[in-house]
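Because the structure is predicted, anything quoted here is derived from the model rather than measured.
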Amino acid sequence: MSAFDIVKIARKTSRPSALEYIDFIFDDFIEFHGDRSFRDDKAVVGGIALLDGLPCTVIGIQKGHTIEENIERNFGSPHPEGYRKALRLMKQAEKFKRPVITFINTAGAFCGIGAEERGQGEAIARNLFEMSTLKSPLVSILIGEGGSGGALALAVSDKVWILKNSIYSILSPEGFASILWKDSSKSAEAAEIMKITAEDLLELGVVDDIIDEADGGAHNDFEYTAGAIKEKLLKEIFELKAEGIDELIEKRYNRFRKFGEFEE
């Protein structure tokens, strides 16, 4: 498949959502609401659950399958209060020594006037800052689109995984083509050169591993894909939890610091 073919699969409304993965992988999920400041953002879901008996904090960016669900979830584009809710849950996880698992599927943070007035940029930056030294194991999984800082705000983690037909990029191929060539119709060409597919990202070291999907996308066999995620989590989350927290934070720092180092 071409890169843009993968983009189209990643954007399918039939693609399994964060809540579907959470319900399959974890037991006894209890959802928490609100950022304790403004309101509850339904584009971000999160709470506590059990992974094979291990208490975890799970957070996801939620899209819908229908137009009504997408309106309710703001098409998976969080407001600043969504990111602040996520950070509240992560700090709670740190207090109670719970690992944090995030599921990411967003075209990007919401860019409306209200979101900007309430500090969208600060909310994203705060998450990046706090996650970099959070005293809990962190795992992030890209399950669809991973767009710009809106995705990165939940992906400063010890392990970053991506489903085979997911994408992760600084902006959409349409936006890239509009900026570079002033022509959004060249989005397929842009997707090829942006290196946004799972294989490209693994080669670049942006993600740590690719999780397999059913042919044509996770929606064709949800249990296969969700089972693969659960199997990998069961193997690696306990390994991360066994590591010393200072060592985890140092590795996390080095993992992301390397992207600022360029060869002359």
Side-chain angles (χ1 to χ4, degrees), residues 7-26 29-49 56-90 100-121 123-124 126-127 131 139-155 157 162-163 165-169 171-172 174-175 213 217-219 222 225-226 229:
V7 170
K8 288 186 281 189
I9 294 174
R11 290 173 172 172
K12 277 184 175 289
T13 55
S14 56
R15 198 162 176 81
S17 69
L19 278 175
E20 288 171 279
Y21 285 115
I22 290 169
D23 289 341
F24 183 94
I25 294 168
F26 300 90
F29 173 61
I30 301 173
E31 185 176 355
F32 294 163
H33 299 274
D35 67 337
R36 300 296 186 266
S37 178
F38 184 68
R39 66 175 181 186
D40 185 43
D41 182 1
K42 292 188 177 182
V44 176
V45 296
I48 56 175
C56 298
T57 291
V58 290
I59 301 166
I61 300 178
Q62 179 71 10
K63 288 185 179 182
H65 295 303
T66 66
I67 188 67
E68 293 79 12
E69 289 176 353
N70 270 316
I71 289 171
E72 180 186 12
R73 302 292 181 177
N74 203 38
F75 293 84
S77 291
H79 293 80
E81 50 269 22
Y83 293 113
R84 290 175 179 135
K85 173 169 67 173
L87 180 58
R88 177 174 75 85
L89 295 177
M90 287 188 277
V100 179
I101 298 102
T102 68
F103 294 85
I104 298 165
N105 185 14
T106 182
F110 187 60
C111 57
I113 292 173
E116 295 299 328
E117 289 174 342
R118 296 192 300 278
Q120 185 72 285
I124 292 171
R126 175 64 59 181
N127 277 27
M131 290 182 77
V139 174
S140 294
I141 308 162
L142 292 145
I143 59 172
E145 288 186 277
S148 193
L152 186 61
L154 292 182
S157 298
I162 187 169
L163 292 183
N165 293 309
S166 292
I167 59 172
Y168 194 21
S169 63
L171 79 169
S172 69
E174 293 86 354
E213 295 183 40
H219 57 286
F222 167 70
T225 308
I229 294 174

Phe32 versus Arg88: any side-chain heavy-atom pair under 4.5 Å?
-> yes
Give me the one residue out of Glu145, Glu213, Glu20 that meets side chain to side chain donor-acceptor pair (under 3.5 Å) with Arg15.
-> Glu213
Minimal heavy-atom distance between Val44 and Ala86, with the atoms involved, is CG1-CB, 4.4 Å
Residues Met90, Thr57; criterion side chain to side chain contact (heavy atoms under 4.5 Å, CB included); working and verdict | CA-CA 7 Å; Met90 287 188 277; Thr57 291; 5.5 Å; no
When every non-hydrogen atom of Thr102 is compared with those of Leu154, the smallest separation belongs to OG1-O, 2.8 Å
In terms of heavy-atom contacts, Asp35 and Glu81 come closest through OD2-CB, 3.2 Å
Just say parallel, tilted or perpendicular for the rings of Phe103 and Tyr21, cut-offs at 30° and 60°.
-> parallel
Given side chains that start at C-beta, do those of Gln120 and Tyr83 come closer than 4.5 Å, heavy atoms only?
-> yes
Going through the distances and angles, do Asp41 and Arg84 end up as a side chain to side chain contact (heavy atoms under 4.5 Å, CB included)?
-> CA-CA 9 Å; Asp41 182 1; Arg84 290 175 179 135; over 6 Å; no
Minimum heavy-atom separation for Val58 to Ile22, with atom names?
-> CG2-CG2, 4.1 Å
Audit row: Glu174, Arg11, salt bridge (Lys or Arg N to Asp or Glu O under 4.0 Å) steps and yes/no | CA-CA 13 Å; Glu174 293 86 354; Arg11 290 173 172 172; 2.8 Å; yes
Is there a side-chain contact between Leu163 and Ile229 (heavy atoms, below 4.5 Å)?
-> yes
Side-chain touch Ile67/Phe75, heavy atoms, less than 4.5 angstrom = yes
Side chains of Ser17 and Gln62: do they bring a donor and an acceptor to under 3.5 Å?
-> yes
State whether a side-chain donor-acceptor pair under 3.5 Å links Arg118 with Ser37.
-> no
Please confirm whether the backbone N or O of Ala10 pairs with a side-chain atom of Asn165, one donor and one acceptor, at under 3.5 Å?
-> no
Do you know the tightest heavy-atom contact between Gly146 and Ile104?
-> CA-CG2, 4.5 Å
With under 30° as parallel and over 60° as perpendicular, where do the rings of Phe110 and His79 fit, or are they tilted in between?
-> tilted
With no hydrogens and no angle check, is any side-chain donor or acceptor of Lys63 less than 3.5 Å from a backbone partner on Asn105?
-> no
Smallest heavy-atom separation, Ser77 atom then Thr106 atom, equals CA-OG1, 3.9 Å
Please tell me if the side chains of His219 and His65 come closer than 4.5 Å, counting only heavy atoms from C-beta onward.
-> no
